[in-house]
Peer 1: 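This structure is in structure tokens; I'll ask about it shortly.
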Amino acid sequence: MNLHEVWRKLEVEKLEVDHPSPLNPWAAKSKHPIAKLKSAYKMTALFSLVFLILCVVLFFLIDQWVVQVGLLATNVSFLFGFVTNFSMFRKIDRGLPMDGNVRMALQNTYDYIRSNIRFQERTALFFYPLSGSAGFMVGTAITGADVWALLQLPAVYWSLLAFAVIITPVGWLSTRWMYKVSYGVCLAQLRDLIAELDQPVEE
């Protein structure tokens, strides 16, 4: 396919999502996949920042050390999410080369987005049980209960442990599903553009 034609496809906003999801509202906009991926990472980074601020506020409002430890771990996870997604947004935001190898630039973008998604899916296995346990403790603390005293009770301790064991695979599957909803269509469109570049150049 002619490189100028591919670049025109990237510049004009004509690629539509056939079945946009309400969970992925930015995907319904008429934009090329690079623009949609930029929007997706920007929104994800924003959500991480909002939840990070909320957890910081809760950290200072709840005066129980065990809950604060759990919130600190949750803050780390949201900070990690913000930094990771914002850095990906900045990488994509640098744009494609006007006079360079467009095909290589598209392929590199596709590859490091796929790698980033797999990396975040794996880290979710570590952060989900921590965040879930912190949420349990925050909810308990809001009722006025002494969380540390409750954790000394065998029934509560084992219930929290069972919750962490259950939430880990559920969280991992949910993360994979959310990434598929948020990025799957855009990545498929980007893969199609790369495939078009691999076709013979028109005379």
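Numbers here are sequence positions counted from 1.
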Peer 1: Report yes or no: does T84 contribute a side-chain atom to a donor-acceptor pair with the main-chain N or O of G81 at less than 3.5 Å?
Peer 2: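 Looks like no, no N/O pair under 3.5 Å.
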
Peer 1: With a 6.0 Å cut-off (strictly less than), is the heavy-atom count around CZ of R118, excluding the residue itself, greater than 12?
Peer 2: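 Above 12, so yes.
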
Peer 1: Quick one: list whatever passes side chain to side chain donor-acceptor pair (under 3.5 Å) with N75, sequence neighbours left out.
Peer 2: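 Partners of N75 under the side chain to side chain donor-acceptor pair (under 3.5 Å) test: none.
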
Peer 1: Please answer: with hydrophobic residues joined when any side-chain heavy atoms are less than 4.5 Å apart, are L160 and V138 in the same cluster?
Peer 2: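 They do share one cluster, since a chain of ILVMFWY contacts under 4.5 Å joins L160 to V138.
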
Peer 1: Verify side-chain contact (heavy atoms from CB on, under 4.5 Å) between F78 and T74, making sure each step is shown before the conclusion.
Peer 2: CA-CA 6 Å; F78 284 127; T74 304; 3.3 Å; yes

Peer 1: Kindly compute the distance separating CG (D111) from CE (M104), expressed to the nearest 0.5 Å.
Peer 2: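 Nearest 0.5 Å value for the CG-CE distance: 11.0 Å.
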
Peer 1: Using atom types as modelled, flag every donor-acceptor pair under 3.5 Å from a side chain in residues 46-73 to any protein atom, sequence neighbours excluded.
Peer 2:
from: S48; atom 1: OG; to: T44; atom 2: O; distance (Å): 3.1
from: Q64; atom 1: OE1; to: V147; atom 2: N; distance (Å): 2.9
from: Q64; atom 1: NE2; to: A145; atom 2: O; distance (Å): 2.9
from: Q68; atom 1: NE2; to: F59; atom 2: O; distance (Å): 3.0
from: Q68; atom 1: NE2; to: I62; atom 2: O; distance (Å): 3.2

Peer 1: Drop me the distance from L187's CG to K36's NZ, to the nearest 0.5 angstrom.
Peer 2: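 L187 atom CG to K36 atom NZ measures 11.0 Å (nearest 0.5 Å).
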
Peer 1: Would you give the length of the straight line joining atom CZ of F89 to atom CE of M43, rounded to the nearest 0.5 angstrom?
Peer 2: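 Answer rounded to 0.5 Å: 12.0 Å.
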
Peer 1: Are Y110 and Y41 co-members of a hydrophobic cluster defined by side-chain heavy atoms under 4.5 Å apart?
Peer 2: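 Yes: a chain of side-chain contacts under 4.5 Å links Y41 to Y110.
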
Peer 1: Without hydrogens or angle criteria, can the side chains of S77 and Y128 be said to hold a donor-acceptor pair below 3.5 Å?
Peer 2: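 Side chains of S77 and Y128: no pair found under 3.5 Å.
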
Peer 1: Roughly how far, to the nearest 0.5 Å, is CD1 of I34 from CG of L106?
Peer 2: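 Result: 5.5 Å between the selected atoms.
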
Peer 1: With a 4.5 Å cut-off on side-chain heavy atoms, are V181 and W177 touching?
Peer 2: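 The answer is yes; the side chains approach within 4.5 Å.
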
Peer 1: Any side-chain heavy-atom pair from L150 and L153 closer than 4.5 angstrom?
Peer 2: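 Yes. Closest side-chain heavy atoms under 4.5 Å.
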
Peer 1: Keeping N116 on the side-chain end and Y112 on the backbone end, is there a donor-acceptor pair under 3.5 Å?
Peer 2: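 No; zero donor-acceptor contacts below 3.5 Å.
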
Peer 1: Who clusters with F126? Use side-chain heavy atoms, under 4.5 angstrom, across I, L, V, M, F, W and Y, and order the result by chain and number.
Peer 2: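 Once heavy-atom contacts under 4.5 Å are chained together, F126 belongs with V76, F80, F119, F127, L130.
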
Peer 1: According to the salt bridge (Lys or Arg N to Asp or Glu O under 4.0 Å) rule, which pairs have a member within residues 160-178, sequence neighbours left out?
Peer 2: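 Output for this query lists E121-R176.
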
Peer 1: Can you list the steps and then say if Q120 with Y179 is a side-chain contact (heavy atoms from CB on, under 4.5 Å)?
Peer 2: CA-CA 10 Å; Q120 293 201 56; Y179 276 124; 2.7 Å; yes

Peer 1: Do the side chains of V156 and I142 join up, straight or via other hydrophobic residues, at under 4.5 Å, putting them in one cluster?
Peer 2: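 Per the 4.5 Å side-chain linkage, V156 and I142 are co-clustered.
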
Peer 1: Each residue besides I166 in its hydrophobic cluster should be listed here, by chain and number; the cluster joins Ile, Leu, Val, Met, Phe, Trp and Tyr at side-chain heavy-atom distances under 4.5 Å.
Peer 2: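 Under the 4.5 Å side-chain rule, I166 groups with V170.
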
Peer 1: Report yes or no: do L173 and L125 belong to one cluster of Ile/Leu/Val/Met/Phe/Trp/Tyr joined by side chain heavy-atom distances under 4.5 Å?
Peer 2: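 They do share one cluster, since a chain of ILVMFWY contacts under 4.5 Å joins L173 to L125.
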
Peer 1: Find the distance between CD (Q189) and CD1 (I194) and round it off to the nearest 0.5 Å.
Peer 2: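 The CD atom of Q189 sits 12.5 Å away from the CD1 atom of I194.
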
Peer 1: Going by the rule side-chain contact (heavy atoms from CB on, under 4.5 Å), which residues pair with A164 if we only count those two or more places apart in sequence or in a different chain?
Peer 2: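 By the side-chain contact (heavy atoms from CB on, under 4.5 Å) rule, A164 matches P129, S133.
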
Peer 1: Which distance, rounded to the nearest 0.5 Å, do you find between the CZ of R122 and the OG1 of T175?
Peer 2: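 So the CZ of R122 and the OG1 of T175 are separated by 13.0 Å.
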
